[in-house]
Amino acid sequence: MWLALIVCVAATRAPGEEPTAKPGDAIRRDAALVEFVRRGREALEWTDEGVRHEWRLQRRPGTEACRVLDPDDRVVREGTAEECRHAFASRDRSQRVRSDVVFLLHGLGEGRWSMRPLADSLRSRLDADVMSFGYASVKADIDAHARALGTVLAGLPEAERISFVGHSLGNLVVRRWMAIAAAEDLARVQRMVMLGPPNQGADLARLAAKIWGFAIRAEGAARDLAIDWEAVAPGLAVPACD
């Protein structure tokens with residue numbers, strides 16, 4: 001997150017470009033920076049339980065707190081799961097979900113924003129709906145994320161053919177979902193592209209586990225990778241798709 005934040009700040013002025021400040025530029029830039037940080041922080045706190053195009057039903061893991069986001073990531077409803085499910089189901093359904101859907105899943109400590117350039121590229125090249133699954137990677141374990149993914153996919157019965165593009169931990173979330181999914185759901189999966197998958201565990205996570213105090217503080221999927229990998233690995237399916 002912080003590397004992306006530095007890049008964002010550095011990109012505000014091109015190398016060698018002379019500053020041409022205008023009234024209000026600093027205020028707008030600061031507001032954009034605050035919004036960027038807010039979204040990055042919230043990406044670590046909320047998990048999708050419903051996705052239709054860019055509308056989202058989200059839950060804060062381990063709680064009953066839910067909310068609905070519009071395509072601009074604005075919160076349009078907060079409340080109980082029942083209230084938010086009703087609000088999510090009542091949104092504008094004029095845009096249909098196509099038969100072919102590609103889901104993108106980010107890695108540990110990241111958010112949906114990290115996959116946005118790839119999503120934009122795929123949308124321009126594929127005759128399919130490209131959606132992203134956001135999950136609070138450090139707030140819940142891989143199994144919980146996989147079950148949330150299953151809830152999202154169950155809410156898209158129109159999607160007859162589903163493909164996945166996972167980055168890092170996102171691949172393990174899909175593999176765990178495949179291990180617990182019903183046969184009819186697995187039959188919809190066409191192919192899976194793995195980007196940097198820690199399929200044999202993560203060396204960096206194993207090194208981190210040796211740091212004093214890490215084992216006590218590690219939570220969610222980070223703990224799965226660093227501390228509990230031997231127990232987690234047998235529960236990850238080998239994809240049967242291309």
Side-chain angles (χ1 to χ4, degrees), residues 35 38-116 119-120 122-123 128-167 169-170 173-174 176-178 180-182 184-185 188-189 220-221:
E35 178 65 10
R38 179 190 69 78
R39 292 187 181 187
R41 183 188 68 248
E42 290 187 352
L44 304 180
E45 299 175 352
W46 295 87
T47 293
D48 292 336
E49 289 194 346
V51 178
R52 290 188 72 86
H53 298 291
E54 292 303 307
W55 283 87
R56 297 178 188 278
L57 169 63
Q58 296 186 321
R59 181 189 297 270
R60 192 185 294 272
T63 76
E64 293 301 312
C66 293
R67 68 181 189 175
V68 177
L69 301 183
D70 71 8
D72 294 320
D73 270 357
R74 293 175 300 204
V75 179
V76 297
R77 184 61 189 260
E78 292 180 286
T80 66
E82 183 178 356
E83 291 169 341
C84 290
R85 277 196 296 267
H86 178 73
F88 181 70
S90 301
R91 77 211 169 287
D92 181 11
R93 289 178 172 269
S94 60
Q95 191 175 10
R96 295 177 57 84
V97 174
R98 283 184 270 191
S99 298
D100 292 279
V101 173
V102 178
F103 259 98
L104 277 59
L105 290 89
H106 59 79
L108 179 65
E110 298 177 334
R112 290 178 284 110
W113 51 266
S114 67
M115 304 296 281
R116 187 165 298 162
D120 291 341
L122 291 177
R123 287 185 182 116
D129 281 330
V130 179
M131 306 183 196
S132 59
F133 172 68
Y135 60 101
S137 58
V138 297
K139 293 297 184 180
D141 59 21
I142 292 173
D143 182 73
H145 300 320
R147 293 181 186 278
L149 174 62
T151 301
V152 169
L153 298 177
L156 296 169
E158 312 97 315
E160 300 175 0
R161 293 172 294 278
I162 299 173
S163 296
F164 297 101
V165 180
H167 173 235
L169 177 68
V173 173
V174 176
R176 178 56 187 160
W177 170 77
M178 289 178 168
I180 61 177
E184 56 268 27
D185 288 328
R188 294 196 288 167
V189 179

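Keep in mind that the numbers below use all heavy atoms, side chains included, and drop hydrogens, waters and symmetry copies.
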Using only atom types and a distance under 3.5 Å, with no angle test, would you say the side chain of [X] pairs donor to acceptor with the backbone of [Y]?
| X | Y | answer |
| --- | --- | --- |
| Asp48 | Phe133 | no |
| Arg59 | Thr63 | yes |
| Asp70 | Asp72 | yes |

Check whether more than 12 heavy atoms from other residues, nucleotides or ligands sit under 6.0 Å from atom CD of Glu64, and answer yes or no.
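Not buried by this count: 12 neighbours or fewer within 6.0 Å.
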Do Glu83 and Cys66 make a side-chain contact, defined as non-hydrogen atoms from C-beta onward lying under 4.5 Å apart?
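No - every pair of side-chain heavy atoms lies 4.5 Å or more apart.
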So, do Leu122 and Leu104 sit near enough that their side-chain heavy atoms are less than 4.5 Å apart?
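A side-chain contact exists here, since the closest heavy-atom pair is under 4.5 Å.
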Less than 4.0 angstrom from a charged side-chain N to a carboxylate O is my criterion; do Glu45 and Arg60 meet it?
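Answer for the salt bridge query: yes.
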Give me the one residue out of His86, Arg77, Arg85 that meets side chain to side chain contact (heavy atoms under 4.5 Å, CB included) with Val68.
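Answer after filtering His86, Arg77, Arg85: Arg77.
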Minimum-distance pair of heavy atoms, taken over all atoms of [X] and [Y]:
| X | Y | value |
| --- | --- | --- |
| Leu57 | Cys84 | CD1-CB, 3.6 Å |
| Ser137 | Gly107 | OG-O, 4.3 Å |
| Trp55 | Val76 | CZ3-CG2, 4.0 Å |

Please tabulate, one pair per line, all N/O donor-acceptor pairs under 3.5 Å involving side-chain atoms of residues 151-160, not counting sequence neighbours.
unit_1: Thr151; atom_1: OG1; unit_2: Arg147; atom_2: O; d: 3.1
unit_1: Glu158; atom_1: OE2; unit_2: Arg52; atom_2: NH1; d: 3.2
unit_1: Glu158; atom_1: OE2; unit_2: Arg52; atom_2: NH2; d: 2.5

In Å and rounded to the nearest 0.5 Å, what is the [atom1] to [atom2] distance from [X] to [Y]?
| X | Y | atom1 | atom2 | value |
| --- | --- | --- | --- | --- |
| Lys139 | Thr47 | NZ | OG1 | 11.0 Å |
| Leu108 | His167 | CG | NE2 | 10.0 Å |
| Phe88 | Gln58 | CZ | CD | 10.0 Å |
| His106 | Ser114 | NE2 | OG | 6.5 Å |
| Leu69 | Glu78 | CG | CD | 9.0 Å |

If a pair satisfies ring pair (Phe, Tyr, Trp, His ring centres under 6.0 Å) and one of its residues is in residues 138-163, list it, with sequence neighbours excluded.
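Listed by first then second residue: Tyr135-His145.
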Counterpart residues, side chain to side chain contact (heavy atoms under 4.5 Å, CB included), relative to Asp129 (two or more places apart):
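Partners of Asp129 under the side chain to side chain contact (heavy atoms under 4.5 Å, CB included) test: His53, Val97, Arg98, Val101, Met131.
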Please test Leu169 against Ile142 for side-chain contact (heavy atoms from CB on, under 4.5 Å), starting from the C-alpha separation and ending with a verdict.
CA-CA 9 Å; Leu169 177 68; Ile142 292 173; 3.8 Å; yes
Pair Trp177 + Phe103: ring centers closer than 6.0 Å
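No: the rings miss the under 6.0 Å criterion.
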